[in-house]
Amino acid sequence: MNLVEIRETVVKISGRYDLVVDTTDWVDNGMDFYINAGQNMLDRMGIIKESEIPLALPLAIGEYSVTFSQRCMSIFEVWVNNTESRTKLEKAKKLSDLKEYYPELVSVITSGTPLYYYPASVRALEAAGRDDLGTFLNLALPDVNLDYRGIIIGPPTDEAMILEVFGKFYQDELTTDDQENYWTSLAPEILIKAALYQVYTFSGRIKDATNMFNALG
């Protein structure tokens, strides 16, 4: 099934025809919100292994941080590789530990193969003037979308490498009628139940929502 087929089915079962424009093309008029909410709930429940995937990001010479917009729930491991070898990075216990390992200006830190990493917040308050006096090992991007994630590494790399992030990721958000993903293709009945749970919850139909949630098991 694809998104429009999921949408049509959820509308027919729930009776919420107000959430589509018409019953000819089943154009979205709010139903996709509930479908995606249900999908996100399923991903957070950790039902499928397909949520655990690697993400490869380019790391240029001298870089010590990366950001990415893929919908990441959690990070398990981080590796770097070049044309000859692969190295697993050790996660610093705290961001302050990483800063203590490399307290100098980035310009004077001896670059090399990265050894440590720490997930960074890409949201900061009053961060515009942080580097006015010097650039340190840090990452704060207050103007980006909050869907972004960031990783700080140390030391800065002395060669172009690939940063491999192994973690748990959400399925792609469903936005176009012909779109498919794991849930729509391999477990559409579970996605339909999850979407109905969201419809019932937001409608105050708690008993129906509870029954539908139990049906997910």
Side-chain angles (χ1 to χ4, degrees), residues 1-23 25-57 66-78 91 118-123 141-142 144-151 164-217:
M1 299 179 74
N2 57 27
L3 174 57
V4 70
E5 292 169 329
I6 296 290
R7 187 188 303 140
E8 178 181 351
T9 303
V10 177
V11 167
K12 287 180 176 178
I13 295 175
S14 66
R16 290 297 302 275
Y17 289 89
D18 59 308
L19 295 175
V20 290
V21 174
D22 57 60
T23 56
D25 297 320
W26 302 94
V27 175
D28 178 51
N29 189 40
M31 179 54 78
D32 286 2
F33 167 80
Y34 300 101
I35 295 173
N36 280 295
Q39 175 178 275
N40 290 341
M41 179 182 69
L42 293 174
D43 287 338
R44 287 190 293 269
M45 291 172 68
I47 298 174
I48 58 171
K49 281 291 185 180
E50 283 73 8
S51 295
E52 299 178 9
I53 58 176
L55 174 66
L57 302 166
V66 294
T67 60
F68 53 94
S69 59
Q70 286 80 1
R71 299 180 348 127
C72 182
M73 284 183 276
S74 58
I75 296 171
F76 303 147
E77 297 178 353
V78 177
K91 182 180 179 181
Y118 195 80
S121 171
V122 294
R123 183 174 184 269
L141 302 173
V144 300
N145 190 295
L146 293 179
D147 289 342
Y148 276 66
R149 296 290 294 269
I151 294 176
E164 296 176 282
V165 180
F166 292 85
K168 181 176 290 187
F169 292 78
Y170 288 99
Q171 294 288 310
D172 289 340
E173 183 178 1
L174 295 166
T175 58
T176 58
D177 284 355
D178 60 351
Q179 191 174 349
E180 299 178 350
N181 62 17
Y182 175 91
W183 294 115
T184 65
S185 299
L186 299 180
E189 72 286 353
I190 297 179
L191 178 57
I192 290 167
K193 290 177 182 178
L196 287 167
Y197 168 79
Q198 297 294 338
V199 171
Y200 295 152
T201 298
F202 279 90
S203 301
R205 296 168 60 179
I206 303 304
K207 182 177 180 180
D208 290 333
T210 300
N211 291 337
M212 195 57 62
F213 185 83
N214 292 334
L216 290 174

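Atoms considered below: every heavy atom in the structure, side chains included; atoms not considered: hydrogens, waters and symmetry mates. We're numbering straight along the sequence, starting at 1. This one's a predicted model, so the numbers in the text were calculated from it and none came from an experiment.
- Partner of Ile6 under the side-chain contact (heavy atoms from CB on, under 4.5 Å) criterion, chosen from Val11, Ile35, Asp32: Ile35.
- Taking 4.5 Å as the limit, some side-chain heavy atom of Arg7 sits within range of a side-chain heavy atom of Asp177.
- For the residue pair Pro54 and Phe166, the shortest heavy atom distance occurs at CB-CE2, 3.4 Å.
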Test side-chain contact (heavy atoms from CB on, under 4.5 Å) on Arg149 and Ile75 and set out the steps. CA-CA 10 Å; Arg149 296 290 294 269; Ile75 296 171; 4.1 Å; yes
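- Considering only heavy atoms from C-beta on, Glu5 stays 4.5 Å or farther from Pro188 through its side chain.
- Using a 4.5 Å heavy-atom cutoff, the side chains of Lys91 and Pro119 are in contact.
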The test is side-chain contact (heavy atoms from CB on, under 4.5 Å); show your working for Val199 and Met31 and say whether it passes. CA-CA 8 Å; Val199 171; Met31 179 54 78; 4.1 Å; yes
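- How far CG of Leu19 is from OH of Tyr34: 5.5 Å, rounded to the nearest 0.5 Å.
- Comment: Glu189 does not engage Lys193 in a salt bridge, judged by the lack of any side-chain N to carboxylate O separation of less than 4.0 angstrom.
- Ring-plane geometry between Tyr197 and Phe213 is classed as tilted, the angle between the planes lying from 30 to 60 degrees on a 0 to 90 degree scale.
- In this structure, Leu3 CG and Asp178 CG are separated by 9.0 Å, a value rounded to the nearest 0.5 Å.
- At a threshold of 4.5 Å between non-hydrogen side-chain atoms, the residues Glu180 and Ser185 count as touching.
- The aromatic rings of Tyr17 and Trp26 are tilted relative to each other, their planes meeting at an angle between 30° and 60°.
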Check step by step if side-chain contact (heavy atoms from CB on, under 4.5 Å) holds for Gln179 and Asp172. CA-CA 10 Å; Gln179 191 174 349; Asp172 289 340; 4.1 Å; yes
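- Between the CE atom of Met41 and the CG atom of Leu216 there is a distance of 5.0 Å, given to the nearest 0.5 Å.
- Two residues are said to be in side-chain contact when any heavy atoms from C-beta on lie closer than 4.5 Å; Tyr170 and Arg44 meet this criterion.
- Using a 4.5 Å heavy-atom cutoff, the side chains of Thr184 and Leu191 are in contact.
- Atom CD of residue Glu173 and atom CG of residue Asn40 lie 7.5 Å apart, to the nearest 0.5 angstrom.
- No side-chain heavy atom of Lys12 sits less than 4.5 Å from a side-chain heavy atom of Thr9.
- Between atom CG of residue Leu196 and atom CZ of residue Arg16 there is a gap of 11.0 Å, rounded to the nearest 0.5 Å.
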Go through it in stages, so that I can follow the logic: the residues are Phe169 and Met73, the test is side-chain contact (heavy atoms from CB on, under 4.5 Å), and I'd like the CA-CA distance, side-chain angles, deciding distance and then a yes or no. CA-CA 5 Å; Phe169 292 78; Met73 284 183 276; 5.8 Å; no
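- The CG atom of Asn181 sits 8.0 Å away from the CG atom of Asp43 when rounded to the nearest 0.5 Å.
- Of all heavy-atom pairs between Gly38 and Ala194, the closest is O-CB, 3.6 Å.
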